[in-house]
Each structure stands twice: as C-alpha cells, then as structure tokens.
Amino acid sequence: MGASADILAGSVPPGAARPGGDGRIRIAGISQRFGDVRAVDDVSFDIESGELLTLLGPSGSGKTSLLRMIAGLAKPDAGEIWVGGQRIDQLPTHRRNIGMVFQSLALFPHLSVFGNIAFPLWMRRCGKRETAARVREALEVVRLPQIAARRVDEISGGQRQRVALARALVYRPKLLLLDEPFAALDAKLREEMQLEIIRLHHDLGITIVNVTHDQKEALTISDRVAVMSEGRLRQIGTTVEIYQRPNSAFVAGFVGTTNLLHGAVAAGGEILVLADSIRVPLGGDKRLAPGAAAALVLRAERLTLMPAEAIIPADLASLPGMVRLRAFQGNTTLFEVEVVALGRSLRAETTSLSEASRFPVGTAVSLTWRPQDAALVPV
Amino acid sequence: MAMPDSADPAVVADPPALFVRLLGIADRVFGGGQIAMPAALRIAGGLLPAIIMIGVLAWGLALLFWYSIHSYDAFADQSGPLSPIEYATLLWAKGAGFYRTILIRTVLLSLLTTLAALVLAIPVATLIIRTRSNLLRITGLTLCLVPFLMGDIVRAFGWLILLGREGLYGWLSQSLGLGQRTLIGSALGIWLGSLQTIVPVAALILLPAVRRIDPDLEQAAATLGAARWRCFVLVNLPLMAPGLVSAGIVAFALTMTQYAIPDILGGGLLPFAANTIQNVFFTEGNIYLGSALAVVTLAVVLLTAMVFALGLGLLRRWRAGVQRRQAVEIAL
C-alpha cells in the first residue's frame, strides 16, 4: 500500500487546471450553532476548481451541516461561502446552480426516469428538443441509456443511484455535492459507484464535494480529504498526506487501521518512552521537544512480525509480543499481538500468506517497524 | 349448546362462571376451536354487524328510491302509480325552478366550500406533519378535533353571535362607518360556517398523504432550481393528489348534506337540499317528492365523487403518457 500510495501521490496534483468551468470554492469562517451546540465551528478552506474533496468525519462532526450550508439548505450563523468568485451564502438554494445527490436520493416518485432528469431543465425553461437531447446525454454519461421510460420504483438500486447522479449533472453545475449517497448500498455496489464517481470526475472535470464517514471511501475517491470532528476542521490534505502524516491522534485513529502508542518524548526528540520505561526510537523529520506527551502512529500494515528468537536488524524498532488472534481476510491477514509490557494488544496486517502461516495463535513474536514509517502526533 | 349446562345449579348460581363458559362457546364457534366451521362462515360471522348495518342502509335507500318513482295522491294522502313525476317536479317541469335553485345553490356552495377547505387544509396538514414542536402538533390536531366535540347547533349559534347584526361583524362594520351589517342570511355566512367543520375534516384526511411526502424531495427540487411555489405545484401537489381527492369527496359530501348551518346561518332564506327535504317530508308530508329530492342529492354526491376520482386517474394517465412519449423520443 505504501509504495503504491507514493506513486499515486504524484498522479493527481491537487488543483490542477481542468476543464469544467470555474468551480473554485472558498469556505471562510463558517459557523453554525444549534443553541449551545456548535454544529460547525469556524471552518475555513479552499477547494480548487475540478477537485474532488471529501469531508470525512464521524456522525455529528458537522460535515453534513457544512455540505447543507453550501447547498443553501441550512444557513450559517457566520462566515462566507464563495463558488467560482461569487458569494453564494445569501442566495436561495434554487438560485445557486449546484448539483446535489442526497443520501435518500430523493428521486421524484411521481415522475419517470425521464421526468426526474428533465426536472432541472424544466426549471431552466429549456426547449423540448434541448431537454430531450440533454436527458439522453446525461443518461449516456451514467451509462444507462434505454431506461428513460421506466418509473423510478421499477429500476434497481444501482440504477437509481445513477439516475440521481444524472439528474444532478444534466444542467452542468460547476459544483456537485454528494451527501453519503452510497452509505446504504451493499459493499460491492458501493465500490462500483465509487469507481463511477472517479470516472465521472475525471471525464467531466467538475468540482465535487463528497461527505462520508467511510475512511476507505474517502481515500479511494478523493484528491483531498478534510477530516472533521465536533464541528471543527482537524486536518485537510491529499489522501496520502492524511494517511501518512496525520496531524493528530484523532485523524490518525480515524483513518486506517491504526495502533496509537502514547508516551513521552526523550533524548533530544529521538526516543519515545512508553509505559514501564520501554523505549522506541523515532524516525522521520518531525521532532517534538523532549518531555512532550506524544503518540506514535503505527499503521497495522507497516508492522512486521518476526520470530521471537530472530535477531532484529539495528535499523528496526521492535516490541516483544504473543499472537492472540489471526484472521484471514482474503487479501490480507490480520494479527492481534499482545504486548505484555504495554498491557495491550496491537494490530498487524500482512499481505503475505506464507508469512501469515508462520505465526499461529500462541507464537511468541517480535513486532517490528521502520521508525520512519511511524508518524508522531502530539496529544 | 349451553342447554345441558343451564341445568347445572353451580353454573346458574355463579354468573361470572356462566359468562366465562359462554365466552368459551363463542370462542369455539367463532375462534375456530373445537367446533370446526368453514373459514368463509367464520369470516361472515365476524362481518355480521357490518353486513347488518349496510343491509339496513341499503334497504332504506331502496325504499327511498321506490317512493321516489311514485306519484303522490295528495287528496287520499297515499301512493299513486309508478311515475317520473316527482323528478319532473324537481328538475324539468314548469315551476321546477324553485327546487333547481335550491339544488344549484347547494352544489355551488358545496363546491366553493370544498375548494376553500382543500386550500386551507394543505397548510394545516403540512404544519401538523412537519413541525418539530410536539406541542404545536398536538395543538393543531386538537384544534382539528374540537369542532366535532360540540354539536352542530351550538356551533351554528356561535357563528350567529359572531356574524350577526349585534355580533362581531356588526360591530366591526359599524366601527368602519358602514352601518350595522350582518352576514346572517347570506351565502358568505353559510360558507364561513361550513368551513369551520370542513377544513378540519379535510386536513385530517390529508395528513397521511402529506406524511408520505419525503421532505428531501422539496430540498432536492430546490437544489435542482425550483423556487418554493414551483416545487409545490410540481412536487407536493401531484404527490398529495390522492389525498386531496379523498378529502375533496368527503368535504363535498359533508357540505352537500348540511342541515343546521344553512338553516341557522342562512336565516331560513337560503335553504340547502337537506332543509328542503325536511320541509317536504314533514311540513308538506310528501314523502314521494322528498324521497326524489334525497335521491337526486345522493346522485349528485356520488357523481361528483366519481368525477373527482376519474379526473385524478385521467390526469395521471395523461402525465405518464407525456413522459413516456418524451422518453421514447430520446431513445430513437
């Protein structure tokens, strides 16, 4: 994963100029309160034209509130929202010209597939011929010709998703908002729709803001990810940055299968002291002052199991442990290794079947990692 | 079946035990217990009260119809031969204008009341369904039910006070320098009085139709470029249509058959069909003409209901047809 992620990082330069019009977005100081609760708390960031940004966070993190404010379905208490150089937070929803796919899809049950997709064109008073041509084009874009005459309750779940997408794209908005439209799908269909979004995004060059609580989806489809919790923006960056250089224990814990080791920095920032004076070396360029409380971010797939009796190379960090659980997951095998010295278990993952078979439950092992693969975050 | 038991002194002396035993027998007969009964018979047993009710009603209606197709021998005060004369008197004979006026008034005011009630019921039902405040919802529902908790007469007299020369309306008109006016005896007065009961009925019937409309649909319509009113016309209204038709049919039937409101608020000047039926039946004693008038009223209600329902069906077919044609066009 690590190596391929590095390659991917170069292939999608965030904010690269793309066709599709000026879909720059500026979120400036947006806040929204419900009584004493700050649903969204002073959030600011920019989105480049043609970028696919995912708002990622647990439920109640404010990501959906923020999306609804961009769409005009909710009003911010403070701040400004700009799309393509125009301030839109004062405009009513129907004048914003933004496409949105709802979690419920919100297809009109009294209209056919054709009627649903034609609806935004009716609102824009398109002529009959143009409406027909553009509905047809939109159906081709989502690869669903031939179903225009169907009723929306006669088509499959995946087809409904595509119709909702076609309806939100047919009037060529500069910005498409996705409010967890795939959350209710089964895993296979969800994956298919995610790939569909990547393809559409690439073909149309439209700016997309996606909301999800699924970190895997966020990493799969996004150019950049904005991680939110408790109404605040925790970190925004490319998927690789978010994954490899989380800025906080929250972001590190939310994205990926992660072990967080809490401790105190010592020896000029080169050593982290864990419980009971267990010391592990720190790598990488990020240094914290000695004495600072910190957490080491150990991704499960960066941990390697070695037999306890093996000699550990000098450039690796290690902790002694005992395999407590081994779970074959198809492409990977997950281990839970109990580290008695720390009084807890760590998770390790390997893609190698032969390696996995060497460590049945009960084996004494050393958990090893390269210090530069483990990010250090303040706590 | 309970006969052998009735000789048992213990059972007779103990009414609760007897009751329990009777319940047991009923259970065996109707509940499919030990005494086997064909399923059809059991279902018929359960529906018996309803069948009796409908039977009595049907019998009464048949009798009304039977009377209505006879002439009335006023001299002998008895039924004459079979004849369409009563209908002629009401509808097309010379001098039928009197009854025609009453029928037209009843139908027109009922249509106006129905229309206004539907228009007013939509926001009421929407508020009750969509409000986040439970207090508001319960208050709304209660206000919808209150008019039914008081009698027709009490309600009508309440309006009499409000709309009369000495009432609120008279006082208002006088304060505005228009002289002491009254709405009693006017169509407007009857219309207002009718709306008080018909609006809540229409709103209550609309509730389920409004609840079925996913609020996301309105938000989706807004993001797609629909202003509030276009969303209402193109999304809410079509989705509410079946509820509106039901509410409309009930509202129309209830207004068409009103008695107390036109009687009291019309000041006797603007009788509805029901007032006239009462008059013909009991004052003139002509049950044959009265029956014919009742049958005509019923026919108008049924026909209107059918027109409402058919109209909805036709509208939907037309709309589906238009969409299908457009869809077929782009498939070519």
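Just so we're clear, the structure is a prediction, and the values are computed from it rather than from any experiment. Reckoned from all heavy atoms, side chains included, excluding hydrogens, waters and symmetry mates. Lettering of chains follows the sequences in order, A, B, ..., and the numbering in each one begins at 1.
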Worksheet item: Taking only residues two or more places apart in sequence, or in another chain, which ones meet R172(A) in a salt bridge (charged side-chain N to carboxylate O under 4.0 Å, His left out)?
Response: E137(A)
Item to complete: Give, as side chain, backbone, both or neither, the part of A320(B) having an atom under 4.5 angstrom from any heavy atom of chain A.
Response: neither
Fill in: P109(A) side chain near D214(B) side chain, heavy-atom distance below 4.5 Å
no
Discussion item. With a sphere of 6.0 Å drawn around CD of Q196(B), does it hold more than 12 non-hydrogen atoms of other residues, nucleotides or ligands?
Written reply: yes
Discussion item. Using a 6.0 Å cut-off, check whether atom CZ of R26(A) has over 12 heavy atoms from anything other than its own residue.
Written reply: no
Discussion item. Please check if the number of heavy atoms outside W191(B) that lie under 6.0 Å from its CH2 is greater than 12.
Written reply: no
Response to the item:
In terms of heavy-atom pairs under 4.5 Å with chain A, the winner among P238(B), A226(B), P215(B) is A226(B)
Practice prompt. Assess whether atom CZ of R95(A) is packed by more than 12 heavy atoms of other residues, nucleotides or ligands within 6.0 Å.
Written response: no
Response to the item:
Counting heavy-atom pairs under 4.5 angstrom with chain B, the leader among R129(A), R96(A), R68(A) is R68(A)
Fill in: R211(B), CZ atom: more than 12 neighbouring heavy atoms under 6.0 Å
no
Practice prompt. Output the option from G225(B), A220(B), A241(B) having the highest count of non-hydrogen pairs under 4.5 Å with chain A.
Written response: G225(B)
Discussion item. Less than 4.5 Å to any heavy atom of chain A: does that hold for the side chain of R319(B), its backbone, both, or neither?
Written reply: side chain
Fill in: Side chain, backbone, both or neither of R124(A) within contact of chain B (heavy atoms, under 4.5 Å)
side chain
Worksheet entry | Region of I147(A) that comes under 4.5 Å of a non-hydrogen atom in chain B | neither
Practice prompt. Drop me the distance from F108(A)'s CZ to I213(B)'s CD1, to the nearest 0.5 angstrom.
Written response: 11.5 Å
Worksheet, complete the sentence: Rounding to 0.5 Å, atoms CZ (R167(A)) and CG (L224(B)) come to a distance of 5.0 Å
Item to complete: Please examine the side chains of M100(A) and Q219(B), heavy atoms only from C-beta on, and report whether any two atoms are closer than 4.5 Å.
Response: no
Item to complete: Report yes if some heavy atom in the side chain of L234(B) is under 4.5 Å from a heavy atom in the side chain of F119(A); otherwise report no.
Response: yes
Worksheet item: About how many Å separate CD of E218(B) and CG of L73(A), when rounded to the nearest 0.5 Å?
Response: 11.0 Å
Worksheet item: Counting heavy atoms not belonging to M150(B), are there more than 12 under 6.0 Å from its CE?
Response: yes
Worksheet item: Is there a side-chain contact between H94(A) and T223(B), using heavy atoms and a 4.5 Å cut-off?
Response: no
